[in-house]
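Keep in mind it's a predicted model, so treat the numbers as computed, not measured.
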Amino acid sequence: MKLSIELKKLKSTGLILAILTGGMAAALLPVLNTWFRTELFTSLPDSPLVVLLDANSQMMIMLNLILMICGSCILYHTEYSEHALRKMLSLPITPESLYLQKAVILILGLLFLLILESSALVFCTAHWFTITEDFWILLLKNALYSAFLSLPSILLMLLIASACQNMWVSLGTGVIFLSLASSLTEGPFLLRLCPFITPFQTLVQTEGDALSYIGGAAAEILILGITAVIFTRRRRYTI
């Protein structure tokens with residue numbers, strides 16, 4: 001898998017700048033929110049990380065998913081522009097490997113976003129609260145949990161982007177899905193296992209059902225992975 005080729009393509013897109021800008025905006029959110037509502041947050045009885053996540057996690061997750069949606073559309077737009085994908089497939093590269101490489105890039109981008117956001121949570125806790133002994137473990141678990149639950153959304157959005165040669169169609173579809181998901185986060189349990197909805201479930205909110213969400217996300221990753229391989233192989237002959 002020649003990931004270096006995909007990384008070189010990023011130079012002609014605004015994806016890196018978008019992730020940097022979006023990550024900084026997401027990281028500033030808990031800082032500004034805590035700054036303006038310091039007395040309210042510090043008076044709450046829960047642990048500092050729980051307080052910060054309850055107040056900021058939904059918006060940070062929303063920003064992360066928006067960036068992943070835009071990133072998926074950008075990555076495949078460069079392929080469909082001027083029939084670049086047809087030229088790529090003339091090389092010894094399989095269409096499913098292209099899909100996988102783009103997924104790896106978006107996952108790395110998501111991890112970068114989570115590192116920035118976790119750093120902001122550390123700053124808020126150190127500045128306005130007190131870092132407890134279990135803080136670091138809970139912070140790491142929450143970041144990994146959020147990353148894993150976001151994987152089905154990334155795979156599904158990439159699949160949508162690969163199916164639509166018009167970037168605006170795939171972007172609009174992703175935004176519609178995200179809008180619906182943001183209003184269904186309190187729905188039935190099975191509904192909350194769907195991509196774009198699952199990432200809104202944080203570890204501190206779903207601690208009792210964490211294994212169920214992880215299992216559901218793992219099943220979705222497997223199904224979407226198989227679907228992507230079958231679809232991209234068939235798509236190769238219809239471009």
Side-chain angles (χ1 to χ4, degrees), residues 1 3 15-16 19-20 22-31 33-34 46-69 71-72 100-126 129 131-158 178 181-182 185 189 192-225 228:
M1 184 178 67
L3 186 60
L15 180 58
I16 295 178
I19 290 179
L20 285 173
M24 291 176 63
L28 279 174
L29 179 65
V31 176
N33 198 11
T34 310
D46 295 321
S47 66
L49 187 58
V50 171
V51 171
L52 292 171
L53 288 174
D54 285 343
N56 304 288
S57 62
Q58 300 299 300
M59 184 57 68
M60 290 192 295
I61 292 168
M62 176 75 76
L63 288 172
N64 292 345
L65 290 177
I66 289 174
L67 289 171
M68 294 300 103
I69 290 172
S72 300
L100 180 58
Q101 291 168 35
K102 296 180 192 305
V104 171
I105 289 174
L106 289 181
I107 291 170
L108 292 176
L110 177 63
L111 292 176
F112 176 76
L113 293 173
L114 291 173
I115 290 173
L116 283 180
E117 292 161 5
S118 297
S119 299
L121 294 175
V122 171
F123 171 79
C124 291
T125 305
F129 300 90
I131 296 180
T132 58
E133 294 181 359
D134 61 341
F135 172 83
W136 299 105
I137 296 177
L138 182 58
L139 180 67
L140 179 60
K141 286 183 177 179
N142 184 78
L144 294 176
Y145 186 72
S146 180
F148 190 77
L149 295 191
S150 298
L151 291 182
S153 302
I154 292 175
L155 296 180
L156 177 58
M157 192 59 225
L158 273 175
L178 182 58
S182 62
T185 54
F189 178 75
R192 282 181 276 150
L193 290 177
C194 296
F196 291 106
I197 301 178
T198 308
F200 286 96
Q201 315 303 319
T202 62
L203 182 61
V204 297
Q205 295 171 338
T206 62
E207 189 171 358
D209 297 322
L211 290 179
S212 299
Y213 282 107
I214 292 173
E220 290 171 358
I221 291 170
L222 180 61
I223 294 172
L224 288 169

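- The only option from Leu53, Val122, Asp134 that meets the side-chain contact (heavy atoms from CB on, under 4.5 Å) definition with Leu139 turns out to be Val122.
- The CG atom of Asp54 sits 9.5 Å away from atom CG of Leu49, with the distance rounded to the nearest 0.5 Å.
- Atom CD1 of Ile19 is separated from atom CG of Leu113 by 6.0 Å, given to the nearest 0.5 angstrom.
- In terms of heavy atoms, Lys141 sits closest to Leu203 at CB-CD2, 3.5 Å.
- For Ala103 against Leu155, the heavy-atom pair with the smallest separation is CB-CD2, 4.1 Å.
- Contact detail for Leu149 and Tyr213: the closest heavy-atom pair is CD2-O, 3.6 Å.
- For Ile16, the side-chain contact (heavy atoms from CB on, under 4.5 Å) partners at least two apart in sequence or on another chain are Leu10, Leu20.
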**Message:** One pair to check against side chain to side chain contact (heavy atoms under 4.5 Å, CB included): Ile115 and Phe112. What are the steps and the verdict?
**Reply:** CA-CA 5 Å; Ile115 290 173; Phe112 176 76; 5.5 Å; no
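- For the side-chain contact (heavy atoms from CB on, under 4.5 Å) test, residues two or more places apart in sequence or in another chain that qualify with Leu29 are Asn56, Met59, Met60.
- Once rounded to the nearest 0.5 Å, the distance linking OG of Ser150 with CZ of Phe200 reads 9.0 Å.
- The heavy-atom pair separating Ser146 from Leu114 by the smallest distance is OG-CD2, 4.0 Å.
- Distance check, rounded to the nearest 0.5 Å: CD1 of Ile61 to CE of Met68 gives 13.0 Å.
- In this structure, the separation between CG on Leu52 and CG on Asn142 is 11.0 Å, given to the nearest 0.5 Å.
- Under a 3.5 Å cut-off, the side chain of Thr125 and the backbone N or O of Leu121 do form a donor-acceptor pair.
- To the nearest 0.5 angstrom, Met24 atom CE is 8.5 Å from Leu116 atom CG.
- Taking every heavy atom of both residues into account, Phe196 and Ser153 meet most closely at N-OG, 2.8 Å.
- For Ile223, the side-chain contact (heavy atoms from CB on, under 4.5 Å) partners at least two apart in sequence or on another chain are Thr227.
- Side-chain N/O atoms of Glu117 and Asn64 include a donor and acceptor closer than 3.5 Å.
- Listed here is the closest heavy atom pair of Ala25 and Leu63: C-CD1, 4.5 Å.
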